[in-house]
Colleague: 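Take a look at the following structure, please.
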Number of protein chains: 2
Amino acid sequence: MSKQKQVILKIIQSKKMHLTADEIFMYAKQEIPSIALGTVYRNLNKLVEENQIKRVSLPNSPDKFDWNLSKHSHIICSRCSSINDIYISEIDNILKKEIDSLISYNITIDYVCEKCKAKEKDATN
Amino acid sequence: MSKQKQVILKIIQSKKMHLTADEIFMYAKQEIPSIALGTVYRNLNKLVEENQIKRVSLPNSPDKFDWNLSKHSHIICSRCSSINDIYISEIDNILKKEIDSLISYNITIDYVCEKCKAKEKDATN
DNA sequence: CTAAATGCAAACTATTTGCAACGAT
DNA sequence: ATCGTTGCAAATAGTTTGCATTTAG
């Protein structure tokens with residue numbers, strides 16, 4: 001495993017956030033100033049293939065990379081675009097029951113987060 | 001509503017498939033040969049905003065546009081990439097119960113479709 | 001010593017945008 | 001006349017790739 005790949009994986013696992021390739025590139029440059037963006041993309045693809053990280057595709061935004069390998073869904077605030085993990089165990093059972101040859105699934109939920117809800121309430125007062 | 005927008009909407013609704021902007025562009029040219037790809041994208045964005053169609057984002061592929069506005073999930077074959085709709089009513093109930101301020105959700109399920117399963121079985125014989 | 005991975009730049013894909021011309025009120 | 005929409009072309013964003021060079025085993 002090259003130093004570049006190690007650093008990229010470490011960044012994703014330690015930040016515990018949903019980072020884009022570009023964000024990962026910027027953090028990686030702090031440790032390896034000569035690193036190229038192409039190298040970041042190449043390693044991200046490899047890490048996804050090796051199941052060391054997961055790719056998260058959302059509309060109107062670059063792919064994000066997820067350190068969290070456990071089965072979980074993403075809730076995205078429609079106002080501020082913040083992303084968080086959410087665990088709903090019942091869904092796992094239902095999908096396993098319903099789908100023959102299930103490999104994996106991806107759930108993204110749009111909602112309004114508490115912060116934005118509070119802000120909107122403020123604005124109407 | 002411009003003629004272009006009408007034609008684009010009609011294509012999506014009549015084909016009953018998950019079409020990419022480019023595919024829609026090609027069909028639209030058959031009816032309006034002078035239509036521009038930019039016009040297709042502009043109208044697709046408007047139609048999504050107006051909730052006349054839905055956008056489906058998947059990893060490693062251009063966005064697809066969906067005529068089906070009812071709550072449903074997508075099952076995608078990991079081998080042949082075919083996409084189909086699937087309705088799992090229990091999921092709707094669970095998410096409504098779990099998520100406060102739920103707006104919408106997007107579920108994509110990776111699996112191996114019957115055709116590909118059959119092919120793989122053949123190959124091992 | 002060789003195979004794999006890198007940095008760099010160019011290429012590519014998907015999508016958006018500026019602008020002058022067109023169309024419908 | 002005005003405002004929204006078009007077609008066209010250029011621009012942008014995100015990502016991939018070819019290639020000469022470097023690195024790791």
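In the text below, chain A, chain B and the rest are named by the order of the sequence lines, each starting its count at 1. Predicted, not measured: the structure shown is a model, and the values here were computed from it.
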Colleague: List the residues meeting side chain to side chain donor-acceptor pair (under 3.5 Å) with B:S2, not counting sequence neighbours, and say none if there are none.
Modeller: none

Colleague: Residues in side-chain contact (heavy atoms from CB on, under 4.5 Å) with A:K71, at least two apart?
Modeller: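 Partners of A:K71 by the side-chain contact (heavy atoms from CB on, under 4.5 Å) criterion, ordered by chain and then number, come out as A:D92, A:K96, A:Y105.
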
Colleague: What's the CG-C1' distance between A:N43 and D:dT17, to the nearest Å?
Modeller: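 Going from A:N43 (CG) to D:dT17 (C1'), I get 15 Å.
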
Colleague: Supply the members, apart from A:V112, of the Ile/Leu/Val/Met/Phe/Trp/Tyr cluster built from side-chain contacts under 4.5 Å; use none for a lone residue.
Modeller: B:I103

Colleague: Strictly by ring pair (Phe, Tyr, Trp, His ring centres under 6.0 Å), give each pair with a member in residues 15-40 of chain B just once, sequence neighbours left out.
Modeller: B:H18-B:H74

Colleague: With the threshold set at under 4.0 Å for non-hydrogen atoms, list the residues of residues 27-36 of chain B touching DNA chain C in residue-number order.
Modeller: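 Of all residues in residues 27-36 of chain B, none places a heavy atom under 4.0 Å from DNA chain C.
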
Colleague: To the nearest Å, give me how far apart CD (A:E23) and C1' (D:dG14) are.
Modeller: 13 Å

Colleague: Do B:K16 and B:W67 form a cation-pi contact, if we require the NZ or CZ to be under 6.0 Å from the six-membered ring centre and within 45 degrees of the ring's axis?
Modeller: yes

Colleague: To the nearest Å, how far apart are B:E49 CD and D:dG4 P?
Modeller: 14 Å

Colleague: Give me each pair satisfying side-chain hydrogen bond (donor to acceptor under 3.5 Å, both in side chains) with a member in residues 33-43 of chain B, each pair once, sequence neighbours excluded.
Modeller: none

Colleague: Could you run down nucleotides 20-25 of chain D 5' to 3' and tag each one B, S or - for protein heavy-atom contact under 4.0 Å?
Modeller: ------

Colleague: Report the distance from atom CG of B:L44 to atom P of D:dT6, rounded to the nearest whole Å.
Modeller: 11 Å

Colleague: Show which residues join B:M26 in its hydrophobic cluster (side-chain heavy-atom contacts under 4.5 Å, direct or indirect), or state none.
Modeller: none

Colleague: Could you list the donor-acceptor pairs under 3.5 angstrom formed between side-chain atoms of residues 53-61 of chain A and any protein atom two or more places apart in sequence or on another chain?
Modeller:
from	atom 1	to	atom 2	distance (Å)
A:R55	NH1	A:D63	OD2	2.9
A:R55	NH2	A:N45	OD1	2.6
A:S57	OG	A:D63	OD1	3.1
A:S61	OG	A:K64	NZ	3.1

Colleague: Using side-chain contact (heavy atoms from CB on, under 4.5 Å) as the criterion, list what pairs up with A:S89, not counting sequence neighbours.
Modeller: none

Colleague: Once side-chain contact (heavy atoms from CB on, under 4.5 Å) is applied, do any residues pair with A:S82, and if so which ones, sequence neighbours excluded?
Modeller: A:C77, A:C80, A:N84, A:C113

Colleague: Heavy atoms under 4.0 Å is the rule here; annotate nucleotides 13-25 of chain C 5' to 3' with B where the base is hit, S where only the sugar-phosphate is, and - elsewhere.
Modeller: -SBBBB-------

